[in-house]
> 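Have a look at this one.
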Number of protein chains: 2
Amino acid sequence: MTKKTTISDIAKALNTTAATVSRALSDNPRISDKTKKLVNDTAKALGYAPNPVAAALRNGRSKIIGVIVPYIDRSFFSSVIRGIEEEVKKHGYNIMICQSLEDKDAEAENIDILINARVAGIALSLASNDESHLKKIINHNIALVTFDRIADNLAPHTVAADDFEGSYLATKHLIDQGYKRIAHLAGSQKINIYRNRQRGYRAALEENGHEIDNDLIISTNSKVIAGRESAETLLNLKNPPDAITSASDFSALGALQYCKSKGIKIPEEIGITGFANEPFTEYLEPSLTSVSQNTLEMGKIVGQVFFDQFNTEEQQTQYKKILLKPELIVRKSSLRTINK
Amino acid sequence: MTKKTTISDIAKALNTTAATVSRALSDNPRISDKTKKLVNDTAKALGYAPNPVAAALRNGRSKIIGVIVPYIDRSFFSSVIRGIEEEVKKHGYNIMICQSLEDKDAEAENIDILINARVAGIALSLASNDESHLKKIINHNIALVTFDRIADNLAPHTVAADDFEGSYLATKHLIDQGYKRIAHLAGSQKINIYRNRQRGYRAALEENGHEIDNDLIISTNSKVIAGRESAETLLNLKNPPDAITSASDFSALGALQYCKSKGIKIPEEIGITGFANEPFTEYLEPSLTSVSQNTLEMGKIVGQVFFDQFNTEEQQTQYKKILLKPELIVRKSSLRTINK
DNA sequence: TTGTATGCGTTATCAC
DNA sequence: GTGATAACGCATACAA
């Protein structure tokens with residue numbers, strides 16, 4: 001492997017010019033089929049591979065989709081990233097990954113880097129509620145798709161799981177299983193997705209004739225320890241719940257641990273559901289019912305949304321707001337025989 | 001945001017030339033401090049940001065490290081990727097991620113893509129035992145670092161966990177806990193890392209006066225179901241083991257499940273250890289003792305190895321073979337009071 | 001210490 | 001249907 005062959009090498013070999021070769025390779029209609037074949041054949045013979053860097057410089061745009069997530073190694077994000085990768089690969093694109101570490105400034109910096117790298121699009125899950133720095137992306141005419149923690153105001157296209165529906169499903173399932181007093185571990189209400197999950201919980205109760213008791217709703221973070229503490233608070237109420245639907249698998253795990261430590265039987269005495277279907281949920285004892293967000297699918301859809309845009313130049317007017325159907329994965333922690 | 005400013009814009013503003021500006025920006029010693037300051041100031045004033053695509057074309061090399069892993073969303077890999085990202089970011093580099101899906105051909109294709117993208121280096125964990133296609137990378141004079149599933153023959157630089165040591169530690173720990181007949185779930189012996197783990201197991205036994213009984217070594221895959229089946233086989237022996245050290249957390253989980261289903265007490269009647277410290281291990285009941293490979297650290301080291309090379313031009317002669325110390329995470333599944 | 005000229009490989013705009 | 005030319009933005013070899 002000495003020197004890479006270029007279009008001019010091919011041109012020289014055929015006694016024609018780089019322009020013709022370039023057109024032939026891109027299947028330009030103004031080139032005769034004969035020369036196209038000729039060019040393609042000698043391209044193969046010479047082992048030609050296009051230089052995407054040169055093309056990117058010329059076009060002012062590279063075949064790269066930038067992806068910014070809080071942390072690469074969270075199972076949710078790594079799975080979405082995989083989906084994006086697999087989708088964009090079909091179109092000959094690659095992905096460039098950045099981490100925001102849930103910090104708005106780091107996110108803004110990554111955006112600058114990706115803009116400078118002339119990426120064709122940016123997929124991101126917001127680090128914070130602040131979305132003002134996304135304007136830059138749009139001003140640079142770079143395609144933008146936000147997912148999960150979406151930018152409602154600024155981002156034209158969004159892809160997210162239907163958190164309302166997911167939480168509704170989980171709560172409804174508990175009702176169907178005969179649980180009467182269902183508590184909710186609500187997560188930070190500053191964050192969109194957790195607000196929606198609480199709304200789903202409330203809707204399920206209301207539509208099924210259950211009263212909403214604010215004592216049963218605890219807004220907390222998504223840590224295991226928070227779940228343990230919340231469960232303790234709840235079970236020490238004069239009128240404790242007989243089920244807990246959590247907006248997070250981790251706090252659900254904490255609740256599960258607390259109940260077990262107190263000898264409270266799951267699911268007989270208390271039913272528990274989580275949210276996100278983290279890999280560990282299926283291995284817990286008892287296994288934890290959870291809401292799957294179809295993360296791989298989410299990534300693929302994010303990818304698709306880009307190419308829907310690329311393929312139809314004009315319609316910057318119609319924005320896609322995609323909401324993915326969640327799936328309730330019923331496991332032992334919520335599955336009891338109903339005694340009528 | 002209309003047009004991006006370039007070095008010639010800066011040059012024009014200062015009545016000088018692009019060459020000078022370019023040199024000033026890269027802190028070339030042949031430029032006076034005065035003009036350097038001038039250039040840097042107006043660069044800032046004009047909101048200049050360098051175009052990495054142009055630089056890459058000119059240099060024949062972009063500030064991108066390509067990363068190829070079997071699957072992005074395996075916790076092991078996503079964690080290593082994070083480490084690589086955080087390390088290369090310090091040097092102003094970005095990462096481009098590809099998946100091999102454990103397929104040699106896909107891996108080879110990704111390599112071609114990354115070579116064409118003029119990446120500065122490629123980090124990869126081999127898809128298969130075949131490493132012949134890595135020659136291309138070296139021939140193109142692109143830095144290559146293999147990790148975990150390393151390419152012993154062709155890759156100049158390798159980073160891996162010390163599998164021998166990790167398995168040795170786990171086995172030794174079981175011995176120290178007073179277990180007498182320790183079995184091993186060995187994983188596919190076609191794969192390097194599993195061979196090393198078996199070696200560590202054997203060494204620990206031998207060095208501590210335990211006999212090696214080949215009936216207690218089962219070579220299997222790393223799936224939960226395989227662990228269950230293997231445990232069944234082992235516990236049905238005339239002379240069954242009182243401990244199992246597995247080369248994989250998943251098969252250890254299977255063994256754990258089987259024992260529980262049979263009412264065999266862990267760790268009292270049987271001790272179990274896994275390998276990799278998967279996120280789920282700490283939440284199992286009982287929590288699973290496992291060997292941590294410090295994956296984040298591994299990624300950072302991989303990143304460092306690249307820049308060690310970049311910064312010292314010549315020494316293509318000395319190759320780095322780095323072996324990371326594993327850490328035994330002792331949990332309940334192997335921790336019993338020793339009755340002397 | 002600075003300026004001039006050139007090329008990296010591609011594509012698009014003209015011409016013919 | 002094809003060719004000539006310029007330009008994308010930067011960095012270096014060579015002059016001065």
Side-chain angles (χ1 to χ4, degrees), chain A residues 2-40 42-43 46-64 92 113 115-120 140-141 313, chain B residues 2-40 42-43 46-64 92 115-120 140-141:
Chain A
T2 46
K3 200 62 184 28
K4 308 225 73 170
T5 73
T6 72
I7 50 171
S8 352
D9 295 332
I10 301 176
K12 228 169 287 167
L14 289 168
N15 258 321
T16 176
T17 96
T20 304
V21 174
S22 173
R23 284 190 275 247
L25 288 172
S26 58
D27 205 24
N28 188 307
R30 306 188 322 191
I31 298 288
S32 75
D33 288 354
K34 202 180 106 215
T35 36
K36 273 183 193 167
K37 174 148 175 41
L38 220 51
V39 166
N40 282 307
T42 57
L46 297 180
Y48 170 76
N51 182 339
V53 178
L57 176 59
R58 174 63 231 239
N59 297 330
R61 188 124 306 181
S62 64
K63 293 198 165 200
I64 296 176
I113 290 171
I115 290 176
N116 287 331
R118 270 64 175 174
V119 296
H140 278 274
N141 208 26
E313 311 297 318
Chain B
T2 45
K3 199 62 185 33
K4 309 222 72 167
T5 73
T6 71
I7 51 171
S8 352
D9 295 332
I10 300 176
K12 227 168 288 167
L14 289 167
N15 256 322
T16 176
T17 95
T20 304
V21 173
S22 172
R23 286 191 271 250
L25 289 171
S26 58
D27 203 27
N28 187 309
R30 306 189 323 191
I31 298 290
S32 75
D33 288 354
K34 201 180 105 216
T35 36
K36 272 184 193 168
K37 175 152 175 39
L38 221 51
V39 166
N40 281 307
T42 57
L46 297 180
Y48 170 76
N51 182 338
V53 178
L57 177 61
R58 170 66 231 235
N59 297 329
R61 188 125 303 184
S62 64
K63 293 199 165 200
I64 296 176
I115 290 176
N116 287 331
R118 270 65 175 175
V119 297
H140 278 274
N141 208 25

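Reminder, nothing fancy here: chain letters follow the sequence lines and each chain counts from 1.
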> Return the nearest nucleotide to the side chain of S32(A); candidates are dC10(D), dG1(D), dT10(C).
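From the listed options, dG1(D) comes nearest.
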
> Would you kindly compare T17(B) and R118(B) by the position of their nearest DNA chain C nucleotide and give the one closer to the 5′ end?
T17(B)

> Please give, in whole Å, the distance from dT12(D) P to D27(B) CG?
14 Å

> Figure out the CG/P separation between N59(A) and dC8(D), and round it to whole Å.
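Taking CG of N59(A) and P of dC8(D), I get 13 Å after rounding.
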
> Which nucleotide in the set dG9(C), dT2(D), dC10(D) lies at the smallest distance from any side-chain heavy atom of T35(A)?
dT2(D)

> Starting at atom CD1 of I7(B), determine the distance to atom C1' of dG3(C), rounded to an integer number of angstrom.
13 Å

> Is the side chain of S22(B) donor-acceptor paired with the backbone N or O of A18(B) at a distance under 3.5 Å, no angle test?
no

> Please compare L57(B) and A19(B) by the position of their nearest nucleotide in DNA chain C and report the one closer to 5'.
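Between the two, 5'-proximity favours A19(B).
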
> In whole Å, what is the span from the CZ atom of R30(A) to the P atom of dT13(C)?
9 Å

> CD1 of I10(B) versus C1' of dG9(D): gap in Å, rounded?
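Atom-to-atom, I10(B) to dG9(D), this comes out as 11 Å.
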
> State the CG-CG distance between L14(B) and D9(B), to the nearest 0.5 angstrom.
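The distance works out to 11.0 Å.
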
> Measure CG/L25(B) against P/dC10(D) and give the value in whole Å, please.
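Going from L25(B) (CG) to dC10(D) (P), I get 9 Å.
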
> Answer whether the closest heavy-atom distance between the side chains of N51(B) and T6(B) falls below 4.5 Å.
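No, side chains not in contact.
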
> When you measure from the side chain of A55(B), which nucleotide among dG3(C), dC10(D), dG1(D) comes out closest?
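The answer is dC10(D).
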
> Any donor-acceptor pair under 3.5 Å between the side chain of R58(B) and the base of dG9(C)?
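Check fails, no donor-acceptor contact within cut-off.
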
> Grab the CG-P distance between D9(A) and dC8(C) for me, whole Å please.
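These atoms are roughly 10 Å apart.
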
> Name the residue from L38(B), N40(B), L46(B) that meets the side-chain contact (heavy atoms from CB on, under 4.5 Å) definition with I10(B).
L46(B)

> Is any side-chain N or O of S26(B) closer than 4.0 Å to OP1 or OP2 of dA11(D)?
no

> Would you mind reading off the distance between N116(A) atom CG and dC10(D) atom P, rounded to a whole angstrom?
10 Å

> Counting just side-chain N and O atoms, does T16(A) come under 4.0 Å of either OP1 or OP2 of dG3(D)?
yes

> Closer to the 5' end of DNA chain D via nearest nucleotide, is it N51(B) or A18(A)?
A18(A)

> Nearest to the side chain of P50(B), heavy atoms from C-beta on, is which of dC10(D), dG3(D), dG3(C)?
dC10(D)

> Measure from the side-chain heavy atoms of R23(B) and tell me the nearest of dT2(C), dG9(D), dG9(C).
dT2(C)

> Only counting residues at least two apart or in another chain, list the ones meeting side chain to side chain donor-acceptor pair (under 3.5 Å) with N116(B).
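Partners of N116(B) under the side chain to side chain donor-acceptor pair (under 3.5 Å) test: K4(A).
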
> Between dG9(C), dT12(D), dG3(D), which nucleotide has the shortest distance from any of its atoms to the side chain of S22(B)?
dT12(D)

